Amino acid sequence: MPELPEVETVARQLAPLVAGRVIRGVQIHDPKLRQVARERLTGGTIESVRRIGKQVVLQLRQGRGVRRWLVIHLRMTGRLIWRAAPARCERSHLRLRLRLDGGSLCFYDLRRFGTVQVLDRPDGAATAGLDPTSPAFTARALEELLRGGRGQLKPWLLRQDRLVGLGNIYCSEILFEAGLAPHRAVGTLTDEEVARLHRTTRAVLRRAIRHCGTTFSDFQDAQGLTGSYQRYLKVYGREGQPCPRCCGPVRREQQQRSTFFCPRCQR
DNA sequence: ACCCTCCTGTCA
DNA sequence: TGACAGGAGGGT
């Protein structure tokens, strides 16, 4: 579930469910996460759940003003699910379980690419890139980021050190909305195109967040997310289907990862 | 800019 | 059996 809108959805759904709860125990089911068990999280209170980039950040208060941050990156297949007390936890692909008063916060991750860190400082979770949903993300800011940039537009957008939160789905969608070809050289964008890219980035993300993101293989967990933005995808995963604008076939290009676009509408 | 790798699963 | 999957770090 891991692009910005999905992670935002997870954080928003989780916050009211776990904020204020105390960690009573930590269970590790994946040797990769062993170090988390050594961090003595037990006794800490979850103060807040937020999204930073594509990460979910739980702020913990350990007592006497000591704060720590549990930073979870879901990568490709990570899921965070709250199980209220009487409910049993599904065990398959369960990697980490935080026993809280009143229930459990379960981290599932089929492919085990996800990461969990415990930090003493919140800025450890900070990413170098600008969050495209923040007020600081203006057309002007985007233009400055793009200035002097090299290479193609889509790989540029995928990197997390300039803008955070965009991944393979939303890059394709945003570029389609903006009418920009994925392989356009970054340096060749006109002011008007930059403005369009800025506008569509905000619009696509806002809309996706409103629909709780995109869910493909729809797990129907009680508290898991069931996003519906997949209904609104215009090019992603639609190779050969008609472009919503010109009705020509959507093209897919595969280098390392698939890119979907309309060669006629995107220049 | 292009590879591969970390994993496990599903689908053609 | 091989291709591919929402991410990202590493190497060349």
Side-chain angles (χ1 to χ4, degrees), chain A residues 1-11 29-35 51-57 71-81 90-96 107-117 124-129 131-132 149-176 181-187 201 204-205 207-209 211-219 221 224-240 252-261:
Chain A
M1 13 224 113
E3 296 182 46
L4 185 153
E6 291 76 35
V7 181
E8 179 71 28
T9 301
V10 171
H29 301 275
D30 180 347
K32 274 187 173 177
L33 303 180
R34 233 172 319 137
Q35 80 288 355
R51 174 189 63 79
I52 296 181
K54 293 180 188 172
Q55 305 173 110
V56 179
V57 180
V71 181
I72 300 165
H73 198 311
L74 303 171
R75 294 288 177 97
M76 297 282 268
T77 54
R79 296 151 58 201
L80 276 173
I81 295 179
E90 170 62 46
R91 293 300 295 264
S92 74
H93 309 131
L94 178 62
R95 307 302 178 199
L96 171 70
F107 173 56
Y108 295 90
D109 189 12
L110 186 151
R111 291 174 75 179
R112 300 166 61 214
F113 290 166
T115 59
V116 180
Q117 314 168 250
T127 35
D131 191 299
R150 263 184 289 276
Q152 301 182 349
L153 203 42
K154 194 206 174 202
W156 191 94
L157 289 172
L158 277 174
R159 285 184 49 165
Q160 304 293 302
D161 53 353
R162 297 168 283 222
L163 289 183
V164 291
L166 300 182
N168 213 30
I169 296 180
Y170 294 105
C171 279
S172 281
E173 293 300 305
I174 287 166
L175 289 173
F176 173 77
H183 5 70
R184 261 295 283 282
V186 169
T201 298
V204 167
L205 293 177
R207 213 147 65 95
I209 290 170
H211 293 284
C212 297
T214 302
T215 314
F216 284 149
S217 28
D218 32 2
F219 343 85
D221 327 278
L225 50 134
T226 44
S228 59
Y229 193 74
Q230 63 273 19
R231 281 187 239 149
Y232 305 92
L233 296 176
K234 295 188 176 166
V235 288
Y236 186 86
R238 305 180 66 88
E239 182 185 17
R252 168 179 162 201
E253 255 172 32
Q254 174 102 25
Q255 340 269 14
Q256 241 249 77
R257 322 188 56 190
S258 299
T259 299
F260 298 88
F261 64 105

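This structure is a prediction, so every number in the text was calculated from the model and none was measured. The sequence lines fix the lettering, A, B, ..., with proteins before strands; numbering per chain opens at 1.
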If you measure from the C1' atom in C/dA5 to the same atom in B/dA1, how many Å do you get, rounded?
22 Å
For A/R111 and A/Q256, take the nucleotide of DNA chain C holding the closest heavy atom to each; which residue's nucleotide lies nearer the 5' end?
A/R111
Give the rounded distance in Å between these two atoms: CG of A/L158 and P of C/dA8.
9 Å
Mind checking who C/dG9 pairs with, Watson-Crick or G-U wobble, both distances under 3.5 Å?
B/dC4
Any side-chain to backbone donor/acceptor pair from A/R112 onto A/H93? Under 3.5 Å, distance only.
no
Would one find a side-chain N or O of A/R257 under 4.0 angstrom from OP1 or OP2 of C/dG7?
yes
To the nearest Å, how far apart are A/K32 NZ and C/dA8 P?
15 Å
Atom pair distance, as rounded to whole Å: CD in A/Q255 and P in C/dA3
16 Å
Looking at A/L166, is its backbone amide N or carbonyl O close enough to the side chain of A/Q160 to form a donor-acceptor pair, meaning the two atoms are under 3.5 Å apart?
yes
A/H93 NE2 to C/dA5 P, in whole Å, measures 19 Å
Are A/F113 and C/dG7 stacked, counting the six-membered base ring, centres under 5.5 Å, planes under 30°?
yes
In whole Å, I'd like the distance from the CG atom of A/L110 to the P atom of C/dG7.
16 Å
Tell me what A/G114 touches on the nucleic acid: a base, only sugar-phosphate, or nothing, going by heavy atoms under 4.0 Å.
nothing
A/Y170: side chain to side chain donor-acceptor pair (under 3.5 Å) partners, not counting sequence neighbours:
A/E6, A/T214
Any Lys/Arg nitrogen of A/K32 or A/D30 sitting under 4.0 Å from an Asp/Glu carboxylate oxygen of the other?
no
Within this structure, what is the CG-to-P distance between A/N168 and C/dA8, rounded to whole angstrom?
11 Å
Could you state the atom-to-atom distance from OH of A/Y170 to P of C/dG7 in whole Å?
10 Å
Could you tell me whether the phosphate oxygens of C/dA8, OP1 or OP2, come under 4.0 Å of any side-chain nitrogen or oxygen in A/Q55?
no
Can you classify the ring geometry of A/H211 versus A/Y229 as parallel (below 30°), tilted (30 to 60°) or perpendicular (above 60°)?
tilted
A/D161 CG to C/dG7 P, in whole Å, measures 15 Å
CD (A/Q255) and NE2 (A/H183) are apart, to the nearest 0.5 Å, by 7.5 Å
Distance under 4.0 Å to a non-hydrogen atom of chain A counts as contact; along DNA chain B, which nucleotides mark the start and end?
B/dA1 to B/dG9
Contact class for A/R159 (heavy atom, under 4.0 Å): base, sugar-phosphate, or nothing?
nothing
B/dG9 and C/dA8: how far apart are their P atoms, nearest whole angstrom?
22 Å
Distance check, rounded to the nearest 0.5 Å: A/E253 atom CD versus A/F260 atom CZ?
11.0 Å
